[in-house]
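Presented below is the structure to which this report refers.
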Amino acid sequence: MDLYPPTGLPRRRHLLSISDLDRADVERLLETAEGFESVMQRDVKKVPTLRGRTVVNLFFESSTRTSSSFELAAKRLSADTISVKASGSSVDKGESLKDTILTLSAYDPDVIVIRHPQAGAPAIVTRHTDAHVVNAGDGKHQHPTQSLLDLYTIRKAVGKVEGLQVAIVGDVLHSRVARSNIQALTMLGAHVTLVGPPTLIPREAAAMGVTISHSIDDLAEVDVIYVLRMQRERMLEGANYVPSLREYSALWGVTPDRVRPSQLVMHPGPINRGVEISAEVADSASSRIVDQVRAGLVTRMAVLYDLLTEPTTTGGQAALRAVEPAGQEVA
Ligand code: NCD
């Protein structure tokens, strides 16, 4: 992606998919996120960078981590935030996505963060608003900011992504996180193996530059075990992907005997203890699950910052410059 388009147009309007980013963009965002770490260590964790800007968080699907971290990220950057959940909003009264966007766009938001059960909904939103649009998860399609925070977490724990072996294990078929992560991890030079029963590995995966394994023993070969939940809300009614959750856990669950101490265990959350991951593993020293949540805050700050400030090739340093001046913190 050209950082300085000759037309002078903003270099990027939206973050809908990992394919909107190239490696330089990802590096810049991760560096910017790193720059925000120091702010998170202060007593006053707020900087004036996006004062006067407005971020709308529009969630048509349940969320704990993604919605709270986007909201806090915007607040830590001093933006005004409006958080709308579909239930309790006029969506309940039959308002369409288009009309919801037209309504919220009347407040001239700078960014609309949207989560929606339908793949492609964030792209539709871009047609009805002047705001930058960030995809916070659309159906089984994409969840780009989850991938950024995962890359950030891996890099922090291991020091690099290049050359790592990563297994994504479980319900890949219904996972937008897996689709984003396959792209993001391979872009940064990791090798991805999808591990799970044939019913939960999508057919198109073979064309995505990954290895496919139907043996849980292959977890032994990797540096990072990335566990996915059974996403029952996206499963076709009546379809039997696994004989029972109990059998699924026995065959595919990430249990202590399947994890070596040198391996990292990650999970986007929410976890179902005792189903795809045992409580022992989730709470073990190998687990980076809480680190992932923390990384979500600084990476989402980086995404908002990157969309709303001038292009730079040294994002991290620029982010620091933007937040460092003494006395500029706002309570
Ligand atoms: C994921 C999601 O919503 O796609 N969760 C998240 O954003 N942390 C994964 C999931 O729901 O299993």
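The model shown is predicted, which means the values in this text are computed figures rather than measured ones. Both ligands and their constituent atoms are indexed starting at 1 by order of listing.
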Practice item. Please write out which residues are connected to Val84 in a hydrophobic cluster, directly or through intermediates, given that two of Ile, Leu, Val, Met, Phe, Trp, Tyr count as joined at side-chain heavy-atom separations below 4.5 angstrom. Key: Leu16, Val56, Leu58, Phe60, Ile82, Val91, Leu97, Ile101, Leu104, Tyr107, Ile112, Ile114, Ile124, Val125, Val133
Review point. Any side-chain heavy atom of His128 sitting closer than 4.5 Å to one from Ser105?
Key: no
Point to revise | Atoms of ligand 1 close to His143 [distance to a heavy atom under 4.0 angstrom, numbered from 1] | key: 2 (C), 4 (O), 6 (C), 7 (O)
Check your understanding: Does the gap between the ring centers of Phe36 and Tyr305 come in under 6.0 Å?
Key -> yes
Practice item. May I ask whether Arg115 places a heavy atom under 4.0 Å from ligand 1? Key: yes
Check your understanding: According to the salt bridge (Lys or Arg N to Asp or Glu O under 4.0 Å) rule, which pairs have a member within residues 102-123, sequence neighbours left out?
Key -> Arg53-Asp110
Point to revise | Closest protein heavy atom to atom 11 (O) of ligand 1, given as residue, atom name and distance to 0.1 Å | key: Arg229 NH2, 2.8 Å
Exercise for review: Return yes if some donor-acceptor pair links the side-chain N/O of Gln263 with the main-chain N/O of Val222 below 3.5 Å, else return no.
Suggested key: yes
Practice item. Give the numbers and elements of all ligand 1 atoms closer than 4.0 Å to a heavy atom of Arg65. Key: 8 (N)
Practice item. Examine Glu233 against ligand 1 and note whether any of their N/O atoms are separated by less than 3.5 Å. Key: no
Exercise for review: For Ser63 and ligand 1, answer yes if some heavy atom of the residue is under 4.0 Å from a ligand atom, otherwise no.
Suggested key: no
Review point. For the side chain of Gln231 and the backbone of Asp171, is there at least one donor-acceptor N/O pair under 3.5 Å apart?
Key: yes
Review point. Counting heavy atoms only, which part of Ser175 comes closer than 4.0 Å to ligand 1: side chain, backbone, both or neither?
Key: neither
**Study point:** More than 12 heavy atoms of other groups within 6.0 Å of Arg234 CZ
**Key:** yes
Practice item. Identify, by atom number and element, the atoms of ligand 1 in contact range of Val177, meaning under 4.0 Å from any of its heavy atoms. Key: 1 (C), 4 (O), 9 (C)
Review point. With backbone taken as N, CA, C and O and side chain as the heavy atoms from C-beta onward, which portion of Gln146 lies under 4.0 Å from ligand 1: side chain, backbone, both, or neither?
Key: side chain
Practice item. Compute the minimum heavy-atom distance from Pro268 to ligand 1 and say whether it is under 4.0 Å. Key: yes
Exercise for review: Identify, for atom 9 (C) of ligand 1, the protein heavy atom at the shortest distance, and state residue, atom and that distance.
Suggested key: Gly269 O, 3.4 Å
Revision key, fill the gap. Min over Arg179, Arg176, Lys140 of heavy-atom distance to atom 2 (C) of ligand 1 lands on Arg176
Practice item. Measure the shortest side-chain to side-chain distance between Val254 and Glu276 over non-hydrogen atoms and say whether it is less than 4.5 angstrom. Key: no
